[in-house]
Amino acid sequence: MKEILIPALILGGLGLFFGALLAFAGIIFKVKKDERIQLIEETLPGANCGGCGFSGCGGYAEAIVSGEAPCNLCAVGGAEVAKYISEVMGVQSEFVKKYAYLHCTGGAYQRYVYEGIEDCTYANNLAGGRKSCTYGCLGLGSCAKACPVGAIDVIEGVPTVNKNKCTGCGVCKRTCPRGLFEIMPESTKIIVKCSSHDKTIDMKNSCPDGCIACRKCERGCPEDAIKVIDNLARIDYDKCVHCGNCVENCPKKIISYIE
Amino acid sequence: MKLIAELFSISLGAILVENFVLVRFMGICPFLGVSKKVDTAVGMGLAVTFVMGLSTLMTHLVQRYVLEALGLEYLQTIVFILIIAALVQFVEMFLQKSVPALYASLGIYLPLITTNCAVLGVAIYAADTSIYTVFTAVWYGVSAGLGFLLAIVLLAGIRERLETSDYPKAMEGFPVALISAALLALAFMGFSGFNI
């Protein structure tokens, strides 16, 4: 009997001792956490894409509860998640579906043959990139590799966004060394497919597609919504009524409807 | 003077000659899991060092004054596991409260120290009361932890540089990490047989 009782008591006693120690430590080292943080974190997709601008889903949840962030920033979770979060927080919020759009046609000429690492950031650092346009797409597909949902395919050197998959998280925009993507709401109909600030005369040498700053779009716009600033046409989407005059007037066809 | 020589010999043995990861091949899970960035590797190495030092102290005391005193040496494994598990929980609570950033970056690997066989291994080696006193046992535990720290930081440094290196695509991720770890282990084999 003794051979069984003593070890059992010793082991049980040690267990009790450490149990008490942990219970005590639990009180000392208690971290106060708002339970709403956990509720929101469970609802968020957990992709930690950083599209909301916070360190991850956990960081975003904390920011919502502390009142620093609105409820509708999670592009991956979409309307459903935004609705749930606003219910938890007891506020009203609307969610707008957004997609990534590329402000480039990828049409620039090749300047030199690049044989380095298949990564746009590295290529960009090597004498301003392999293409003749120092603003445009490098075509090495860093965005496609970074996209957490696999929505970008590089087709013939131009990243193409698959709208069925794109969640509008903006990882591509942050990955692209030239920031060529723009995250725009679903309602956007017209886009300028160029980011070059090159002057008209330089543009002829760098890209057959690029904006030559002819200002035909600007003159034809009834709402004064499109302006050529720093040699590049820009649309003010708050004013744009989607009349399509600029699309028709553009001699380079870089202002176009979104398919 | 004799003590200093002994301590030096224990450290040399635990850090280089009998490195727990690279020579004894214990604790491979966190070694590969948390060695992507030097920062987190240092954090993990320090956490393991802390747990090893603390657990060798506790396990050696329990071994010496409880188990051996009562002739219950056969309970060693289960008692040591209990002690280590409780200590890791304690460290986790402590980190969550005082260093939340490190807590977040260690993630699942922190509770996994519980099942890290290197910690149990060092506790069992250090429990040999005929070789170690309480002080030298703790010294051995901390040295073993520093050996782990050295190994994981070396590998993390290599893996950080591998990120930008050119190697076959099929080797990306763990394959190339395993090969690097193997080469590192081979280098550490050069210390085998050292004695003071």
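A, B, ... follow the sequence lines: proteins, then strands. Residue 1 opens every chain.
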### Task
Before giving the answer on ring pair (Phe, Tyr, Trp, His ring centres under 6.0 Å), spell out for A/F29 and B/F94 the whole-Å C-alpha distance, their side-chain angles and the decisive distance to 0.1 Å.
CA-CA 6 Å; A/F29 296 119; B/F94 178 75; 5.5 Å; yes
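- A pairwise comparison of heavy atoms in B/V138 and B/T56 identifies CA-OG1, 3.8 Å as the closest pair.
- Summarising the geometry of B/A170 relative to B/P175, their closest heavy-atom pair is O-CG, 4.0 Å, with the distance given to 0.1 Å.
- With a 4.5 angstrom heavy-atom cutoff, A/I10 touches chain B only via side-chain atoms.
- When every heavy atom of A/L180 is checked against every heavy atom of A/C104, the shortest pair comes out as CD1-CB, 4.3 Å.
- Rounded to the nearest 0.5 Å, atoms CD1 (B/I15) and OH (B/Y140) are 11.5 Å apart.
- Judged by distance alone, the side chain of B/T49 and the main-chain N or O of B/G145 form a donor-acceptor pair under 3.5 Å.
- Residue A/I117 touches chain B through its side chain alone, counting heavy-atom pairs closer than 4.5 Å.
- Note that CG of B/L12 is 9.5 Å distant from OG of B/S143, once rounded to the nearest 0.5 Å.
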Report every donor-acceptor pair between chain B and chain A with a separation under 3.5 Å, backbone and side chains included.
{"from": "B/K97", "atom 1": "NZ", "to": "A/K30", "atom 2": "O", "distance (Å)": "3.3"}

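- Heavy-atom distances place no part of B/L87 under 4.5 Å from chain A, backbone and side chain included.
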